[in-house]
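One structure below.
This structure is a prediction, so every number in the text was calculated from the model and none was measured. Each chain gets a letter, A, B and so on, in the order the sequences are listed, and its residues count up from 1.
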Amino acid sequence: MSIKQKFPDIDGFFGEYGGKFVPETLMYALEELEDTYSKLKDSEDFKKEFYADLSNFVGRPSPLYYADRLTKHYKSGKIWLKREDLNHTGAHKINNTVGQILLAKYMGKKRIIAETGAGQHGVATATVAARLGLECHIYMGAEDVKRQSLNVYRIKLLGAQVHAVDSGTATLKDALNEALRDWVTNVDDTYYIIGSVTGPHPYPMIVRDFNSVVGFELIDQSKAMFGKMPDAIVACVGGGSNAMGAFYPFIDKKETRLIGVEAGGNGVSTGEHAAPLNDGSPGVLHGARSYLMQDEVGQVKDTKSVSAGLDYPGVGPEHSWLKDIGRAEYVAINDQEALEAFHTVTKLEGIMPALETAHAFAYLDQLSKELDESSNIIVNVSGRGDKDINTVAEIDGIKF
Amino acid sequence: MNRLRKKLDHLLSIKEKALVAYLVAGDPDLDSTLNLMHLFVESGVDIIEVGVPFTDPIAEGPVIQKAHDRALKNNISLPKIIKLVEDFRKNDNSTPIILMGYLNTFSYHKNLIDNSDQHGVDAVLVVDIPGELSISSYGISNPNIDSISLISPTTSEERIEKIAKNGSGFIYYVTLRGVTGSSNLDVKEINTNIQKIRSYSDIPTLAGFGIKSNEDAKLLSEYSDGIIVGSSIVDMIDKQSDSKDFDRIGKYLRELKNAIL
C-alpha cells in the first residue's frame, strides 16, 4: 500500500497529527459527515456530478502554462505555472466548495456556514450556495473585513451574510472559532464548509481529496508538456489546501521535490510571522493536532502577514506529518520578498498573483540557485491578485 | 478518595443535589478569584469549577469568551492557577476543585496537571477531548485526578455507553446544542438522555449549559444529580469588576441552592 492510501488512519490521524478535538456536541456531526463522505466518494454518480461541475462551472482543467520570461529572468530550470487563478471566482478554493456543497446537498442540509481569511473561500462558498439557493453565512475577522473589502462586497452580492468577528485577534483563526460556535449551536440543519485542510477529521481529508484534482491534472500535464514528472512543485501554505491539493498525488513520486512556502511576515527571526512549520511546535487548535504558533504557556500567538489568506497560526495536520517524515520541505518568505515577487511576476508575465501566491513565487529566487537548467519547476498559482490591489497600493503609498 | 467523590457521595447520602459554580481564573484578577471562591462556598456552592483561560475557547459563548480574554490580558497561566488553588486550600480543604479548559494548555503543562492533586486539584474537564478517549493519552494519568466527560443531546447511544464507562467523578450532561450561555432547554430530551446515561454508569450525572434562573435550576435538578452554572455568574463578576462588590453573586447562589434543595 502506498503512503497516500494509508493516511489519515481510521481515527483521522496523519502520524501523530490530526484527530477530532472538538466539543462533544460536534462529534455526531463529524461522524455523520464521515459516513456520508465514505459512502459517496467512490460512487459513480457522485464523481460524475463533481467532475461535471469542475469542468462546466469551475472551468477545469486549469492550464499548465510555460512562463518564458520568468524562466529567462531566473536563468535556471523551466518555470511552469498551474493556473488556479483562472478558475471561476479566481482561486483554487472553488474546487473544494463545489465538492462540499454536493455533500451538503446529499445530506439535506439547508444552511451553509464558512470562515474566510482573504475572502476567497467566502466568495467560493457564497457562490456555490447561491447556485443551490441555500442560506449562507460567512464568518470573517473584523481586520480582514477591512483589508479585503472587495471580497466582502462580492460575498454580499452573492446573497450571503458576512459576520465580522471582533474577538481575539479578529483574523482568520477567530473567524474559524466563531464558525465552529455557530455549528455547535445549529448542528442539526447546518453544513460547515471548512476552507482549508485544517479542522477536525474528516475535513483535512475531504478538502485534500476535492482539491487534489490540481495534482492529478499536473501529473497528466507534466507528461504532456515535458514528458516526465516535475523536479519541484512550489506552493504557498497558510492552512495549506492549495499546496496539499498539488502535493497529494505526488507523495509517492519521490523524484519531485514538494516545497511549501509559509508567510514569514516581518521575518521568522523576529517572531512576527505566520510560519508554524518553520517556527512553531505541536499543539491543538480548531479540532486538530498540528504545528502551531504558541507561547511559553500554551496560548496561541498572534500572527503577522501582509497576506490575509496566510495569516493563520496553525496548519493542516497532513503538512505537519509530511514535514516530520521529510517528504515535503517548508520554507518562509517575508512580506517584503512577497511584495517584490508580486511586482516581478505581474510585469514579466502579465499575471497578477494573489499576495498568498506571491510567497511561492518569491521562493524561486532561492530555488533557482539549487536547480539546473534542465529542471522543470511548477509554481501553483493559487489565486489571482485583484483582491489585493488596495493592500499593495497602500503599501506603495498610492491613494485612489 | 478525593474531595470530589467524597462530596458527591455525601450529597447522594443526604439526598441533596450538587450546585457547581464556574468562574474564570484571573477575571478580573487573581485576588478577586480567590475571594469569589470562598464566597461561593459560603453561599452554598458544593463544587467549584475554575476556568483556565485560552486564546481560542471554541465551546464558549460571548460572556465566557470575554472573561477568557480579560484573564489573558492579566497573563493568567496554568502555573498561576495552580498557585491560586494552593492559596484557596489554606482556608478550605474540603471543597472540590475542577479545572476546566482546553487541551492545548493542559497538554502544554501536562506534568504540572498530572501532579496537581498535590496542590489541591481534584478533577479536570478538558472540553475538546472526545469523551471516549482517555486523557492518559495526553500525559494526565494520575488516578487521584478525575476526568469529567461531557455528553450532549447529539451524542449517539453507542458513544454514551463508551463515555459513561470511561468518565470519572461525574458525567457532565450538556443540556443544549450550543455554546455556554445559550438558551432553549428541552426538558423532555434532557430527561430521556440522563436516563440513558444512568443505565450505563453509576457515577452521578450533573447538568449544565443554559441555566439562567432559579426555575431552570429547579427543573433540571429534578432530572439530574446536580446543576452547573457558569455564564450568569461570569456576567455578574464582569458587572462588578470595578466595585468588586460581589454580594449579589452570593445572594444569587444561595437562591439557586435553595431552588434545588
Only heavy atoms, only distances under 4.5 angstrom. Which residues in residues 289-301 of chain A are near chain B? A/Leu292, A/Gln294, A/Asp295, A/Glu296, A/Val297, A/Gly298, A/Gln299, A/Val300
Quick check for you: among B/Val174, B/Leu78, B/Thr154, which has the greatest number of heavy-atom pairs under 4.5 Å with chain A? B/Thr154
Contact between B/Ile228 and B/Tyr172 at the side-chain level, heavy atoms closer than 4.5 Å - yes or no? yes
Identify which one of B/Asp31, B/Ile76, B/Ile97, B/Thr33 satisfies the side-chain contact (heavy atoms from CB on, under 4.5 Å) criterion when paired with B/Leu84. B/Thr33
With heavy-atom distances below 4.5 Å as the criterion, would you say the side chains of B/Val52 and B/Met100 are in contact? no
Which atoms of B/Asp56 come close to chain A, meaning under 4.5 Å heavy atom to heavy atom: side chain ones, backbone ones, both, or neither? both
If one checks every heavy atom of B/Ile58 against chain A at 4.5 Å, the contacting part turns out to be both
Counting only N and O atoms by type, is there a donor-acceptor contact under 3.5 Å from the side chain of A/His121 to the main-chain atoms of A/Ala114? no
Answer yes or no: is there an ion pair linking B/Lys239 with B/Asp235, defined by an N-O contact shorter than 4.0 Å? yes
Heavy-atom distance under 4.5 Å between the side chains of A/Glu178 and B/Gln65, does that happen here? yes
Charged N-O contact under 4.0 Å between B/Asp27 and B/Lys66: no
Indicate yes or no: at least one non-hydrogen side-chain atom of B/Ile98 is less than 4.5 angstrom from one of B/Val50. no
Check whether any side-chain heavy atom of A/Leu172 sits under 4.5 Å from a side-chain heavy atom of A/Met140, and report yes or no. no
Interface residues of residues 278-285 of chain A facing chain B - non-hydrogen atoms under 4.5 Å apart: A/Gly283, A/Val284, A/Leu285
Salt bridge A/Lys109-A/Glu32, side-chain N to carboxylate O under 4.0 Å: yes
Pair A/Arg111 + A/Asp182, salt bridge at N-O below 4.0 Å: yes
Under 3.5 Å, is there a donor-acceptor pair linking the side chains of A/Tyr312 and A/His286? yes
When the 4.5 angstrom heavy-atom criterion is applied to B/Phe209 and chain A, the contacting part is neither
Run the salt-bridge test on A/Glu135 and A/Lys110 with the 4.0 Å N-O cut-off and return the result as yes or no. no
Just checking heavy atoms, which of residues 107-126 of chain B are less than 4.5 Å from chain A? B/Tyr108, B/His109
Portion of B/Leu72 that has a non-hydrogen atom of chain A nearer than 4.5 angstrom: side chain
Identify the residues of residues 187-204 of chain A whose heavy atoms come closer than 4.5 Å to a heavy atom of chain B, ordered by number, or report 'none'. A/Val187, A/Asp188
Which portion of B/Glu132 sits near chain A, non-hydrogen atoms under 4.5 angstrom: side chain
Identify which of B/Ser156, B/Ser77, B/Gly131, B/Pro130 forms the greatest number of heavy-atom pairs closer than 4.5 Å to chain A. B/Pro130
Do B/Tyr200 and B/Lys162 have side-chain heavy atoms sitting under 4.5 Å apart? no
Could you tell me whether the side chain of A/Leu40 reaches within less than 4.5 Å of the side chain of A/Tyr106, counting heavy atoms only? yes
Tell me whether B/Lys83 is salt-bridged to B/Glu86, with the criterion being a basic N under 4.0 Å from an acidic carboxylate O. no
By the definition side-chain contact (heavy atoms from CB on, under 4.5 Å), identify the one residue from B/Ile81, B/Ile233, B/Ile64 that meets it with B/Val24. B/Ile64
Testing the 3.5 Å rule here: is there a donor-acceptor pair between the side chains of A/Glu24 and B/Thr155? yes
Would you check if there is a donor-acceptor pair between the side chains of B/Thr205 and B/Asp225 at a distance under 3.5 Å? no
Residue from A/Asp174, A/Leu180, A/Asn186, A/Val22 scoring the most non-hydrogen pairs under 4.5 Å with chain B is A/Val22
Beyond-backbone contact of A/Ser320 with A/Val315, side-chain heavy atoms, under 4.5 angstrom: yes
Side chain, backbone, both or neither: which part of B/Pro57 has a non-hydrogen atom closer than 4.5 Å to chain A? both
A/Arg181 bridged to B/Glu60 by N-O distance under 4.0 Å: no
